[in-house]
Chemist: 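Supplied in structure tokens, the structure appears directly below.
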Amino acid sequence: MEEYNFFLRGGIVLDSEGQIDNPCGSWLADSSWDNITELDKLANFHGLVQSFEQYPRDWHIWYTSAEPESAPLPGEWDNACNELQRMLIVRSLRPDRVSFCSTSFIINNLGSKFVEPPVLDMKSVVDDSTTKTPLIFVLSTGVDPTSMLLQLAEQSKMAHRFHALSLGQGQAPIATRMIKEGVREGNWVFLANCHLSLSWMPQLAKLVEQLQVEEPHQDFRLWLSSSPHPEFPISILQAGIKMTTEPPKGLKANMKRLYHLVTEQQFNRCRKPEKYKKLLFALCFFHSVLLERRKFLMLGWNIMYGFNDSDFEVSENLLSIYLDEYDETPWDALKYLIAGVNYGGHVTDDFDRRLLLTYINEYFGETTLMTPFFKLSSLSTYYIPKDGHLNTYKEYISMLPAIDHPEAFGQHPNADIASQITETSTLFGTLLSLQPQVSMSTGESRESKVLKLAADVLEKIPEDIDYEGTAKILKDDPSPLNVVLLQEIQRYNVLLRAIRSSLIDLEKGIKGLVVMSSDLEEIFNCIYDARVPSTWQKAYPSRKPLGTWTRDLVSRVEQFEKWATTAHPPVIFWMSGFTFPTGFLTAVLQTSARQNNVSVDSLSWEFIVSTVDDNNIMQPPKDGVWIKGLYLEGAGWDKKNSVLVDANPMQLVCPLPTIHFKPVENKKKSGKGIYSCPCYYYPNRAGSSGRASFIVGVDLKTGSMPPDHWTKRGTAILMSLDY
């Protein structure tokens, strides 16, 4: 059980002072080393840390292998570990491979039927159902069950008695009437999008309850479709048969499906067939790339958009109409209507819009028509095939690779690893939520473990910063930076007090001295699962686990404590330590505006990346500030030439050297060879409803590649990481 607990939660190190130094610091992240040092404490893993000191090269070879879960472990560990214990080592060092080894563990121990989704056979679903059981489609992005249901109605000779209604405002009375008529006359009633009519769901639940007691016509069936929603009535779910179909995965499957939507008549209706066929293929590829980019998560899109078949159908119509209307291809109009209006109507983030326009500009242009076998990506596999019938295009698509290489999207192979790590953390989050919330009879109890961890956190949390004393010292100098300092001290003091009081109350609650409120219950569960309680995240957002979050908080408070004690701003600012970095950057602009006697609105930023080590930066710049502690995601950095380069294999983030943020007046627009790199507060680029994550766009030199290359890579600067 100890081993399974470790598999779910990993290792938590709150105090790294007593920890053995990482002997493989050049390639092994501190978070992975935390896992290894904690794993060493389990009964079957004594000596693991020593093994890293003895065989660092062997461990590095294992760590960098493409499939570490099937590679032999260094030293005696290969023979010493069973399948679950091997999974713990994979979990500690290569979280991106956890889903692969979990799948093979399930196959080896339970059988392959538990990992292969069954094909949905609608006919057998109807045969299994009765008049009293609602049939519920759980919707997933990009899949509409309506056409499948219409086909089934045709096959079952129910097409003339099939009644469908899309729910929404004002549709409830019609839906009620349809169900009552259906019960009486034996119709099939399909109510689509129940999640859009949640206020009517309690009434629907009553109607379903009535079905259980009355005797409907033997042909009657009630079909429902809904996106997953916590307010959907559980009683309907319990009474019904639930089905879901996954959207097609991969460029090949998506393009195959889109070409099945195009009829022979549509394909031949355009009066300029040569242009139309090439651009239709480019449009299909464009649509599939937009959908499939979602698998890269934050490196794909900042916000997940629900691009759907109707976007493609409308765009295909526009393409046909505009090619017929004009002799010269109206590129600007086509690109604006397809990417700007049609697909762009979904897009709410400026950097996502930039990506959308980058793709449409690449796929739609005169070169697309003039170049034979026009390449749609840097890979030779994806190109526009030569003219032919509809079937020749379908045949070409069937020969495309089943698994997409990240380069097909303009992504780096590392992007796959980043999305697999996120998939792993979702897997652990789901498994943790399913764990029984009770104490175990064997081993350390939940309560004693939480008490120990809470005492550790309480011990590490620093004292409040002296706000009154600092305000007195700075009262003669109300500069913008000093105002920011005092605001930050206030915010951190509120947070430190909240943590202290909640941990003291938690201790009392566990000992039975006070009643455990729902807030204390949440803090208890979070600490046990090594997560940060939501009440502690009000000062600033973060996705770090409890151990690293606590260490990070100590460093943040240290920066402001030192600044407050010396009454001098640091030479190099750690901007990630601010709860509101935008306020700090505005204060720097205000300071510069006062110094140079100019309007603050006329100032913008120039960014100079340092080529020297921080030890050689002895004093602040004449204008602006030095900023350290930023990370580059989706690219590497060439320090010597100060340009973006592709990241090394397995390098998901790359530390950026210190940057000089320099205010300049009336700055010209960025020229060629410059990539405007978005800087985000933490890895969730979309931010939360109350707080945006985007801070500032930083201009970086693009090196040998054009800016579009980095746009497709999803390259961004992060101020803090998940670990």
Side-chain angles (χ1 to χ4, degrees), residues 96 99-100 117 139-144 244-262 280-313 315-316 338-339 342-344 346-347 349 351-364 375-384 393-394 396-423 426 633-634 685-686 708-715:
D96 57 301
S99 58
F100 296 95
L139 297 174
S140 51
T141 320
V143 174
D144 183 6
T244 188
T245 49
E246 287 292 314
K249 276 191 174 177
L251 294 174
K252 178 181 177 175
N254 271 294
M255 290 188 74
K256 210 172 191 173
R257 194 174 57 83
L258 292 174
Y259 263 89
H260 277 297
L261 293 176
V262 179
L280 175 66
F281 192 87
L283 179 67
C284 279
F285 191 77
F286 172 72
H287 180 89
S288 305
V289 162
L290 299 191
L291 284 181
E292 282 303 298
R293 252 192 99 91
R294 286 193 295 230
K295 72 176 181 178
F296 299 115
L297 306 165
M298 288 297 159
L299 284 169
W301 297 102
N302 289 352
I303 297 165
M304 298 295 157
Y305 302 106
F307 301 119
N308 53 41
D309 289 352
S310 59
D311 296 323
F312 169 73
E313 284 158 13
S315 300
E316 184 273 329
I338 292 172
N342 204 6
Y343 287 91
H346 295 276
V347 177
D349 182 278
F351 292 99
D352 285 343
R353 188 173 292 279
R354 177 174 75 172
L355 173 69
L356 195 64
L357 297 174
T358 299
Y359 275 131
I360 199 80
N361 288 332
E362 186 181 336
Y363 302 149
F364 274 50
K375 279 173 73 176
L376 292 162
S377 86
S378 59
L379 301 173
S380 57
T381 332
Y382 301 94
Y383 56 84
I384 297 178
Y393 286 90
K394 288 182 181 176
Y396 168 74
I397 290 166
S398 67
M399 294 185 321
L400 290 175
I403 295 169
D404 310 319
H405 191 281
E407 276 293 351
F409 308 86
Q411 279 285 14
H412 191 278
N414 284 351
D416 261 348
I417 296 170
S419 64
Q420 285 158 3
I421 288 175
T422 310
E423 196 181 314
T426 309
E633 186 179 34
R685 300 184 185 188
D708 287 354
H709 174 82
W710 304 110
T711 301
K712 287 188 284 187
R713 287 280 202 254
T715 302

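Note that these values count all heavy atoms, side chains included, but never hydrogens, waters or copies made by symmetry. Count residues from 1 along the sequence.
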Chemist: Which distance, rounded to the nearest 0.5 Å, do you find between the NE2 of H287 and the CZ of R257?
Modeler: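 Separation between the atoms: 6.0 Å.
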Chemist: Yes or no on side chain to side chain contact (heavy atoms under 4.5 Å, CB included) for K295 and D416, after CA distance, side-chain angles and deciding distance?
Modeler: CA-CA 8 Å; K295 72 176 181 178; D416 261 348; 4.3 Å; yes
Chemist: Taking M304's backbone N and O only, do any of them form a donor-acceptor pair with R294's side chain (distance below 3.5 Å, no angle check)?
Modeler: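 Here the side-chain-to-backbone pair does not exist.
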Chemist: Is there a side chain to side chain contact (heavy atoms under 4.5 Å, CB included) between L290 and F312 once you walk through the steps?
Modeler: CA-CA 11 Å; L290 299 191; F312 169 73; over 6 Å; no
Chemist: Answer whether the closest heavy-atom distance between the side chains of I384 and Y363 falls below 4.5 Å.
Modeler: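 No, side chains not in contact.
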Chemist: How many angstroms lie between OH in Y359 and CZ in F285, if you round to the nearest 0.5 Å?
Modeler: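 Going from OH on Y359 over to CZ on F285, the span is 8.5 Å.
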Chemist: Could you go through the side chain to side chain contact (heavy atoms under 4.5 Å, CB included) check for D349 and Y305 one step at a time?
Modeler: CA-CA 10 Å; D349 182 278; Y305 302 106; 3.5 Å; yes
Chemist: Kindly write out the residues that satisfy side chain to side chain contact (heavy atoms under 4.5 Å, CB included) with I421, not counting sequence neighbours, or none if the list is empty.
Modeler: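 P95, D96, I417, L652.
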Chemist: Nearest 0.5 Å please: distance from the CD atom of E633 over to the CG atom of N414.
Modeler: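 One gets 10.5 Å once the value is rounded to the nearest 0.5 Å.
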Chemist: May I ask you to check whether F307 and H346 place their ring centers less than 6.0 Å from one another?
Modeler: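 Aromatic pair counts; centres sit under 6.0 Å.
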Chemist: Got a second to check how far F286's CZ is from L291's CG, nearest 0.5 Å?
Modeler: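 Between F286 CZ and L291 CG, I get 10.5 Å after rounding to 0.5 Å.
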Chemist: Which residues pass the side chain to side chain donor-acceptor pair (under 3.5 Å) test with E423, not counting sequence neighbours?
Modeler: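 Scan of E423 (side chain to side chain donor-acceptor pair (under 3.5 Å), adjacent residues dropped) gives none.
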Chemist: Ignoring hydrogens and angles, tell me if any N or O in the side chain of E292 forms a donor-acceptor pair with the backbone of D404 under 3.5 Å.
Modeler: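 Side chain of E292 to backbone of D404, a donor-acceptor pair under 3.5 Å: no, none is there.
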Chemist: Heavy-atom distance under 4.5 Å between the side chains of F100 and Q420, does that happen here?
Modeler: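 F100 reaches Q420 side chain to side chain.
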Chemist: Testing R713, K712, K375 one by one against E407 for a salt bridge (charged side-chain N to carboxylate O under 4.0 Å, His left out), which residue passes?
Modeler: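 Exactly one candidate clears the test, R713.
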Chemist: Any side-chain to backbone donor/acceptor pair from K252 onto S398? Under 3.5 Å, distance only.
Modeler: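 Between the backbone of S398 and the side chain of K252 there is a qualifying donor-acceptor contact (under 3.5 Å).
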Chemist: Just by distance, do the side chain of N254 and the backbone of L251 share a donor-acceptor pair under 3.5 Å?
Modeler: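 Judged by distance alone, no pair lies under 3.5 Å.
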Chemist: Let me confirm one number: the CG-SG distance from L258 to C284, rounded to the nearest 0.5 Å.
Modeler: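 Going from the CG atom of L258 to the SG atom of C284 covers 4.5 Å.
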Chemist: Report the residues that fulfil salt bridge (charged side-chain N to carboxylate O under 4.0 Å, His left out) with R293, sequence neighbours left out, ordered by chain and then residue number.
Modeler: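 Partners of R293 under the salt bridge (charged side-chain N to carboxylate O under 4.0 Å, His left out) test: none.
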Chemist: Can you measure from OG1 (T715) to CG (L299) and round to the nearest 0.5 angstrom?
Modeler: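 T715 OG1 to L299 CG: 8.0 Å, rounded to 0.5 Å.
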Chemist: For a quick test of reading the model, state the closest non-hydrogen atom pair linking N302 to A686 and the distance between them.
Modeler: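 What the structure gives for the nearest pair is O-CB, 3.3 Å.
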Chemist: Any idea which heavy atoms bring S377 and A408 closest together, and the distance?
Modeler: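 It is CB-O, 3.6 Å.
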Chemist: Taking the ring centre of each residue, are Y383 and Y396 less than 6.0 Å apart?
Modeler: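 Yes, close enough.
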Chemist: So which atom in I360 and which in A339 form the shortest heavy-atom distance, rounded to 0.1 Å?
Modeler: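 Minimum heavy-atom separation between I360 and A339: CG2-CB, 3.7 Å.
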Chemist: Quick one, F364 with I338, criterion side chain to side chain contact (heavy atoms under 4.5 Å, CB included). Give me CA distance, side-chain angles, the key distance, then yes/no.
Modeler: CA-CA 10 Å; F364 274 50; I338 292 172; 3.8 Å; yes
Chemist: Taking D352 for its side chain and V347 for its backbone only, find out whether a donor-acceptor pair lies under 3.5 Å.
Modeler: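 Answer holds: no.
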